[in-house]
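Okay, structure first, notes after.
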Amino acid sequence: MDIAPRYNPKEVEEKILKKWLSGNFFAAKVSADKKPFSIVIPPPNITGILHMGHALNNTIQDVLVRFKRMQGYETLWMPGTDHAGIATQNVVEKDLAKQGLKKEDTGREEFLKRLWEWRDKYGSTIISQLQKLGASCDWKRTRFTMDEAYSETVKEVFVRLYEKGLIYRGKRIINWCPRCQTALSDEEAAHKEINGWLYYIKYPVKGYTGEHAEYVVVATTRPETMLGDTAVAINPKDERFNWLRGGKVILPIMDRELRVIEDEVVDVEFGTGVVKVTPSHDPVDFNLGKKYNLEFINIMNDDATMNEQAGEFANMDRFEAREAILELLEEKKLIEKKEPYKVSAGHCYRCHTIIEPRISPQWFVRMKPLADGAIKVVEEDRIKFYPERWKKVYLNWMYNIQDWCISRQIWWGHRLPVWYCKECFKNEDAEANAGIIVSKQKPEKCPHCGSHDLAQDEDVLDTWFSSWLWPFATFYWPNFRKDTSDGKELNYFYPTSVLVTASEILFFWVARMIMAGLEFKKEIPFRDVMIHGTVRDDRGIKMSKSLGNIIDPLEIIDKFGTDSLRFSLMLNASGGADLYISDDTFLVGRNFANKIWNATRFILLKMTEKNITIDNLELEKYDEIDAWLLNELNNAISGVTASLDNYRINDATKIAYEFFWHVFCDWYIEMVKDDFTRGRAKISVYVLLNAIKLLHPVMPYISEEIFQLLKENLFIKAEESIVVARWPKAKKVEGDTKSVNTITAIAQTIKEIRNIKTDLGLGQKKVSLAIKTNKDNEQYWKKHEVWIKRLSLLEDISFQGKLKRTVFKGELWELDLGVEELDIKNFLVSLDRKINNLQNVHSKVSGRLNNENFLNNASGEVVEAEKNKFTELSEQLKRLKELKNAFK
RNA sequence: GGGCGUAUAGCUCAGAUGGUUGGAGCGCUGCGCUCACAUCGCAGAGGUCUCUGGUUCAAGUCCAGAUACGCCCACCA
């Protein structure tokens, strides 16, 4: 037998991944006799490369999937990627720019061709990285949100919603990214605070007579928008401006007459109480414009440079124009003052450019009707959030939901299934439906006028408009095909069991999937939503490429192995809290993998050395130390199982770790290594096998490798892969508790002996031990003498009726060490500390027992336990004091 | 402006339904290359559980308030 003393993950992982993929172990099918367990992956962007967030998200899913698969569920993990409209287009545009080209130079068709080429070349990178991570998806199913069949679903959904009146075209103020040159939804405009100024600008009052102020002063953070002002507003209740009501002011620079309107939205407290109103460039002002029938003047181009409406500032960038306007106002002495001010501005979530609110004809989904059901299922806990607090966040958003802008002025994505009749459609009349034909296929002619002159809408749909269909569109609903068993698969696997995701896309994706599921499948898309934290660096800063603080999971895999990465992440991910990680975080995993490896190595080497073969794992006979171990194994099995059932993966990980290292390795293997009989070997292998099964969801590679090693070297029957092996079950342990308890007491005593030896400065020196105990206990000491000596570094053990001296006094026995002269300084210090601690607890307990209120109010069980504790503590204390007195 | 979260050892974090003497990993100190593993073993130091009040026989755990940090939402010109 030749097993390396160090675990080499690289070799092992490569080999095993091949086995898994070629062996089709992750494939799922409809099985009437099995319960389904299904997860759809949050599809990563095709532009994506595996980052720590992916690693965390997908490891969690994989743990759950592997666990359920081993439990015998028919398990489907549906993989796939998202076309990620803006993100991908940006990437390919950048690529094009290297050749000095813009997408307009190549034209739409050619540009799309390049996009598809790009996706064919790089789009599967993330998939192979997920495979490397060990993700046990049914890879043959890998979907893409722009697959032909998937696109059919998208169109179908659009048409259905339109026909139901839930999709409409409207000319409204939307979030416009001047860099990407497209509309965005509200969710895609991330609000961030920036340091700006609040400028106080004087607007001359028309017909100034000297009876009132010559100017009204308005406060603004965006002076450049004044060019589009068509009113100023005051609060109707604001008596300071009674004189201004019904009056007019003059917009400086433009010399435009502005109405004075009155509306409740104006905050009397803020600024001067007078607000400039720019209906075309501010959402609040837009509403005012509608309400009071104001003029809408658009002063900007698509790229946020000023247009001809901006007069002398035309063609300037918006921020350039701001400076120029301020300069001019300064010259005219129209700036009263400026104050530093923090402004919350929307930023494009793709390119971080500041959003420009803008009036534009776009397509929207009416959300309120969709939200109603989605609110109900969460209120009624038919969908549960883990941790639960996200329920509130979700509901709060849903209660206040706004219509969703779904059209994007980019090329990469699902083209809107919308055609315009050039005869009937009048663009300026954007609110009406005349001339708009919504249809999955290109219509032959306009149903209204019969014209054949039809043009498809140039826009594409928001990426999320396809992702929100993911849980059922991946089964090609509603057309299905043979490769999804004509819908049988959807019926079987839907609703999915759990959705695992980061909180960032709760609104983007999770909420919308619930709405889509209920609308189209008439059923929730998943039962549980597990929301995990964000991965941050060790200073608590979110990892991002632009900040340069990322820890690359692929590098960690390369350095420490995939299992180390996964194990360390799972150990750290708890209760949806954020994870703070550094390179060192992953050492725990590496060390543990090596420990597992070496425990296996030891067992197999010993068996070879002793010529032990095993052909089955029926446990025939075992003694007290075996029983003790099996009992611990049972606790681990039920602990890990219960934790995984409750999505407490970190607990499960910890329990398995603790058992493997600190129970199995530190104690059992040490106990049996000197007397490694066939019986011990069998127990060892049995426990090892069960332990690696417990670890398999978190550490799939090493557990598989060991599973295979055991199969190769023993003659036991086992599944082809641990992937499909049966999850461990707790087995009843035969054996009397007294024996097991005695073993526990011996182990405890061994720790005491080590402790005392250290205190006495004996260190690793082997000394002899004298023990005084009864015949009954003596037999255990004799039977287990070999490992007791080994673990407490003793020369020999003698049994005596009377000890010359006592260095340890326990409930069951007293001990002395065979050393003439004792350096008792440290020993006495430790002893004192122990006595002190015990004394503290003792007086606390006795205080409680002397407290009538406690005796009257606490439950009988608690009082009973407290009494027992008191007795035990008293005895312990007495022994320690006696021990101490003997040394005086 | 609303809402949420976190505060426990030097660091990163565990500590369901209040009741053993508050734990782990890393780091630190001391001793050991004991033939599975130095990616190891053994022993140890280190905590007024952020603060203040309250409920209770009993609070790290529940309640209220304060402080600090973080996050989310919002028509804060």
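Lettering follows sequence order; numbering is per chain, from 1. These numbers come from the heavy atoms of this one structure, side chains and all, not from hydrogens, waters or symmetry mates.
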Legend entry - Per-nucleotide protein contact string for nucleotides 72-77 of chain B, where B marks a base within reach and S marks sugar-phosphate only (heavy atoms under 4.0 Å, - for neither): -S-SBB

Inset, instruction - Scan nucleotides 32-42 of chain B nucleotide by nucleotide, 5' to 3', and note B when protein non-hydrogen atoms come under 4.0 Å of the base, S if they reach only the sugar-phosphate, - if neither. - result: S---BB-BSBS

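Nucleic acid contact class of Lys844(A) (heavy atoms, under 4.0 Å, all strands): none. Counting non-hydrogen atoms under 4.0 angstrom, Tyr657(A) reaches the backbone sugars and phosphates but no base.
Rounded to a whole Å, the NZ atom of Lys391(A) is 16 Å from the C1' atom of G3(B). If you measure from atom CG of Asn572(A) to atom P of C11(B), you get 16 Å, rounded to the nearest angstrom. Rounded to an integer number of Å, the gap from CG of Leu762(A) to P of A43(B) is 15 Å. When rounded to the nearest whole Å, the span between CG of Asp584(A) and C1' of C13(B) equals 15 Å. In this structure, the CG atom of Leu569(A) is 14 Å from the P atom of C13(B), given to the nearest Å. If you measure from atom CG of Asp651(A) to atom P of C13(B), you get 16 Å, rounded to the nearest angstrom. In this entry the distance linking NZ of Lys654(A) with C1' of G23(B) reads 8 Å, nearest Å. Rounded to whole angstrom, the span from the CG atom of Leu579(A) across to the C1' atom of U6(B) amounts to 14 Å.
A7(B) and A45(B) are spaced 25 Å apart, taking the C1' atom of each and rounding to whole Å. A gap of 11 Å separates the C1' atoms of U67(B) and U52(B), to the nearest Å. Distance noted for atom P between G15(B) and U61(B): 15 Å (whole Å). Taking atom C1' on both nucleotides, A24(B) is separated from U8(B) by 13 Å, rounded to a whole Å. With both ends at atom P, the span from G54(B) to C40(B) equals 50 Å, rounded to whole Å. When the C1' atom is compared between U20(B) and A59(B), the two are found 16 Å apart, to the nearest whole Å. Rounded to whole Å, the separation between the P atoms of U39(B) and G27(B) comes to 11 Å. Here the separation of A43(B) from U48(B), taken at their P atoms, is 25 Å to the nearest Å.
Annotation: cation-pi pair Arg512(A)/Trp404(A) present, NZ/CZ under 6.0 Å from the ring centroid and within 45° of its normal. Figure legend: Lys673(A) and Phe602(A) shown as a cation-pi pair, the cationic atom lying under 6.0 angstrom from the six-membered ring centre and within 45 degrees of its axis.
Remark: Glu336(A) pairs with no residue by the side chain to side chain donor-acceptor pair (under 3.5 Å) rule, at least two apart or across chains. Arg259(A) pairs by the side chain to side chain donor-acceptor pair (under 3.5 Å) definition with nothing, not counting sequence neighbours. Not counting sequence neighbours, Thr758(A) has no partner by the side-chain contact (heavy atoms from CB on, under 4.5 Å) test. In terms of the side-chain contact (heavy atoms from CB on, under 4.5 Å) criterion, residue partners of Asp674(A) (sequence neighbours excluded) are, by chain and number, Val786(A), Arg790(A). In this view, Asp584(A) satisfies the side chain to side chain donor-acceptor pair (under 3.5 Å) rule with no residue, not counting sequence neighbours.
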Inset, instruction - Go through the steps for Glu872(A) and Lys869(A) under the test salt bridge (Lys or Arg N to Asp or Glu O under 4.0 Å), then give the verdict. - result: CA-CA 5 Å; Glu872(A) 201 176 308; Lys869(A) 203 196 297 175; over 6 Å; no

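Taking the six-membered ring where tryptophan is involved, the planes of Trp597(A) and Tyr7(A) are tilted, since the angle between them lies from 30° to 60°.
The phosphate of U21(B) (OP1 or OP2) has a side-chain N or O of Lys869(A) nearer than 4.0 angstrom.
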Under 3.5 Å, sequence neighbours excluded: what are the donor-acceptor pairs made by side chains of residues 263-279 of chain A?
from	atom 1	to	atom 2	distance (Å)
Asp263(A)	OD1	Val265(A)	N	2.9
Asp263(A)	OD2	Lys291(A)	NZ	2.7
Asp263(A)	OD2	Tyr292(A)	OH	2.4
Asp267(A)	OD1	Glu269(A)	N	2.9
Thr272(A)	OG1	Val217(A)	O	2.4
Thr272(A)	OG1	Val274(A)	N	3.2
Thr272(A)	OG1	Val274(A)	O	3.4
Lys276(A)	NZ	Thr225(A)	OG1	2.6
Lys276(A)	NZ	Asp229(A)	OD1	3.0
Lys276(A)	NZ	Thr278(A)	OG1	3.0
Thr278(A)	OG1	Asp229(A)	OD1	2.6

Side chains of residues 645-652 of chain A: which donor-acceptor partners sit under 3.5 Å, not counting sequence neighbours?
from	atom 1	to	atom 2	distance (Å)
Asn646(A)	ND2	Ala642(A)	O	2.9
Tyr647(A)	OH	Asp528(A)	OD2	2.6
Arg648(A)	NE	Asp651(A)	OD2	2.6
Arg648(A)	NH2	Asp651(A)	OD2	3.0

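Legend: side chain to side chain donor-acceptor pair (under 3.5 Å) pairs involving residues 845-861 of chain A, not counting sequence neighbours, sorted by first then second residue: Arg848(A)-Glu866(A).
Taken together, the paired segments of RNA chain B that extend over three or more consecutive Watson-Crick or G-U pairs, each closer than 3.5 Å at both contacts, are B:1-7 with B:67-73, B:10-13 with B:23-26, B:28-32 with B:40-44, B:50-54 with B:62-66.
Ranked by how close their nearest RNA chain B nucleotide is to the 5' end, Lys392(A) and Val862(A) are led by Lys392(A).
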For nucleotides 56-58 of chain B, give me every protein contact, N/O to N/O, under 3.5 Å, one pair per line with atom names.
from	atom 1	to	atom 2	distance (Å)
C57(B)	OP1	Asn857(A)	ND2	3.3
C57(B)	O2'	Asn851(A)	ND2	3.0

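Between the side chains of Tyr199(A) and Glu339(A), no donor N or O sits under 3.5 Å from an acceptor N or O. If you check the side chains of Asn8(A) and Glu11(A), you find a donor sitting under 3.5 Å from an acceptor. The closest side-chain donor-acceptor pair between Ser185(A) and Glu188(A) falls under 3.5 angstrom.
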